[in-house]
Participant: 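The structure's right below; bear with me while I get my questions together.
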Protein chains: 2
Amino acid sequence: MSEIQRPGALYQQVAAAIREAILSGEFAPDSLLPSEAQLMARYGVSRPTVRNAIAALRAEGLIDVRHGKGSFVRASGQPVLTIERRISRTAEGKFAMPNGDIWQEAEQPSTYRTRTTKDTGRLLQLGEEEALFGCDRLLIDPSTGTRAMHRTLIPFEVAETVPLLGKEPCKPPAAIYWVLTQAGHTLTWTETVRARMPLPDERTTLQLPDATPILHVARIAHDADDRPLFLEQLRFGADRAELAYRITADKQPARHTRA
Amino acid sequence: MSEIQRPGALYQQVAAAIREAILSGEFAPDSLLPSEAQLMARYGVSRPTVRNAIAALRAEGLIDVRHGKGSFVRASGQPVLTIERRISRTAEGKFAMPNGDIWQEAEQPSTYRTRTTKDTGRLLQLGEEEALFGCDRLLIDPSTGTRAMHRTLIPFEVAETVPLLGKEPCKPPAAIYWVLTQAGHTLTWTETVRARMPLPDERTTLQLPDATPILHVARIAHDADDRPLFLEQLRFGADRAELAYRITADKQPARHTRA
DNA sequence: AGTCGTAACTCATAAGGACAAGTGACGTCA
DNA sequence: TGACGTCACTTGTCCTTATGAGTTACGACT
């Protein structure tokens, strides 16, 4: 019934109409949208057109479609888990992470040897194809069901100078910080944050819904002279979790790039 | 020709075949994929099936399709711009941001009055529907072409106690920090980072390609007693830019939640 | 030589039909 | 009563056909 003809393609007009209805609250979160047949009648278009419009809204993450049941307005709920990226030291000097104890390991960590890629090589200030110890963990926060993939990458170079690391390359991060500190290093950290769409295997491991990007954090532990010691990666679905940082003002003037 | 029949739907098999070819390097980045007609012949399927497969790869961000030209393997290039989220103070105590001078304002900042939403209310530790000054900027980094949307939200409460803010609510962040410091506040900051798919207006303003999430940073400036003073938001396409943070170890033991 | 039309390619949009598959409710039968 | 089969609903998949629209190159005409 409702006549539409404004922007461009038919299916985009239908999509826009439904989108407005959702954003204006006419269709409440978690409520059932009209079925494809009803939408066909409502807008006087064919089924492919309706499905095309629905596909567009799906790609925007506005709706979820369940086979045999219908299309539901996605509860655009904010993330339920805040991952605080901070590092603290106890009175004895040991390291503690604010999130260290919420995560459980879903399976045995898997360790392996690998080489730097263009990306990890740049972060570690190494060339490509340099040898690394790797350790992958699948983490779960039981209280929210949030899943995350954690990876530790330690250059052979570094592991050689720190016997404990070479023997057991797959320790929890806090333990690695402690070992390196005991070995005489003074640690500081930098993190870079990216977002991208998941690869198929990430989609399944992290159990992500449609149109859900993943947040990708890379934490580099630096020595006192600013040289990278090792790398931690954390990946998780951006629908359930967010990152939190603390910032304080430096005394030095801002630099644009790290030497 | 190449026979396929493994996982599930036909179009998924076709998509998987093309995806493998891309990830294995058979189709180089920026190269032209076979046309729809060629793919129909190659896999012996109909045009809708080919288009369905292509739509799936598009949603994954693996390919870009250009009307009249063809489908291209997306150069999965890492972000070209690193946005450092740090704050420095000059010898005179004024504030400087590492990125402060790379951004140019694409248009006049627009100021307005608004009210807290559930989300911004929580961040500012206010209720819903509390009055705010708002200021929106569209920023551009000319060297990379990266666009970003910046928003400042100042509660009326705060603006009233700081005359300079009330008169001119739309100052650059560094200037606001300075004004608040002059007014006797001691600032610290926290940031939360999220990623999500863009809304249609964000897609156009930020000129985002398909399947590109946006990174959403909310920076809260706190007073010495940890009460929020005001809020800055930054939004940009995750395809071009990444965030960088510095972390140092606290002396205090980690707390899980802020009081 | 330069301009412009046309043809031949590309993807985009739209309609129609048919059947498969998941879901839930209802009713029958043991 | 309980188990199960069937049916009516939903979306998923796949095909055919047709037309519109952006891109490029070639060639004819000026």
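A note on names: the letters A, B, ... follow the listed sequences, proteins ahead of strands, and every chain is numbered from 1.
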Participant: Do you know which of Arg66(A), Arg74(A), Arg58(A) makes salt bridge (charged side-chain N to carboxylate O under 4.0 Å, His left out) with Asp210(A)?
Facilitator: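 With Asp210(A) as partner, salt bridge (charged side-chain N to carboxylate O under 4.0 Å, His left out) holds for just one option, Arg58(A).
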
Participant: Would you say the side chains of Glu232(A) and His150(A) form a donor-acceptor pair under 3.5 Å?
Facilitator: yes

Participant: Could you state the atom-to-atom distance from OH of Tyr43(B) to C1' of dC14(D) in whole Å?
Facilitator: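 Rounding to the nearest Å, OH of Tyr43(B) and C1' of dC14(D) are 18 Å apart.
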
Participant: Give a yes or no on whether a donor-acceptor pair under 3.5 Å exists between the nucleobase atoms of dA12(C), that is its base, and the side chain of His67(B).
Facilitator: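 Checked by distance alone, the answer is no.
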
Participant: Quick check: on DNA chain C, is the nucleotide nearest Gly68(B) upstream (toward 5') of the one nearest Thr49(A), or the reverse? Name the residue that is more 5'.
Facilitator: Gly68(B)

Participant: With nearest nucleotides of DNA chain D determined for Arg58(A) and Pro48(A) from heavy-atom distances, which residue corresponds to the more 5′ nucleotide?
Facilitator: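 Checking each residue's closest nucleotide, the 5'-ward one belongs to Arg58(A).
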
Participant: Find out whether Leu243(A) and Thr82(A) are in side-chain contact, i.e. whether some heavy atom of one side chain is under 4.5 Å from a heavy atom of the other.
Facilitator: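 Side chain of Leu243(A) against side chain of Thr82(A), heavy atoms only: no contact under 4.5 Å found.
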
Participant: Between Arg47(B) and Pro34(A), which is nearer to the 5' end of DNA chain D once each is assigned its nearest nucleotide?
Facilitator: Pro34(A)

Participant: What does Arg66(A) touch in the nucleic acid at a heavy-atom separation under 4.0 angstrom: a base, only the sugar-phosphate, or nothing?
Facilitator: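 Result for Arg66(A) = sugar-phosphate.
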
Participant: Starting from P on dC14(D), measure out to CZ on Arg51(B) and report it in whole angstrom.
Facilitator: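 Taking atom P of dC14(D) as the reference, CZ of Arg51(B) is at 16 Å.
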
Participant: Among the nucleotides dA12(C), dC15(D), dA15(C), which one has an atom lying closest to any side-chain atom of Val45(B)?
Facilitator: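 Nearest to the side-chain atoms of Val45(B), counting from C-beta on, is dC15(D).
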
Participant: What integer distance in Å separates Met40(A):CE from dT10(D):P?
Facilitator: 11 Å

Participant: From OH of Tyr11(B) over to C1' of dC15(D), roughly how many Å is that when rounded to an integer?
Facilitator: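 Distance, rounded to whole Å: 16 Å.
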
Participant: Between dA8(D) atom C1' and Gln38(A) atom CD, what is the distance in whole Å?
Facilitator: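 So the two atoms are 14 Å apart, to the nearest Å.
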
Participant: When you compare the side chain of Ile83(B) with that of Trp103(B), does any pair of heavy atoms fall below 4.5 Å?
Facilitator: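 A side-chain contact under 4.5 Å exists here.
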
Participant: Quick one: is dT10(D) close enough that its OP1 or OP2 comes under 4.0 Å of any side-chain N or O from Ser35(A)?
Facilitator: yes

Participant: Can you measure Lys69(B) atom NZ to dG22(D) atom P for me and round it to whole angstrom units?
Facilitator: 14 Å

Participant: So do the side chains of Thr120(B) and Leu126(B) get within less than 4.5 Å of each other, counting heavy atoms only?
Facilitator: no

Participant: Over how many whole Å does the gap from Asp64(A) atom CG to dT10(D) atom C1' extend?
Facilitator: 16 Å

Participant: Leu10(B) has an atom CG; how far is it from atom C1' of dA20(C), in whole Å?
Facilitator: 13 Å

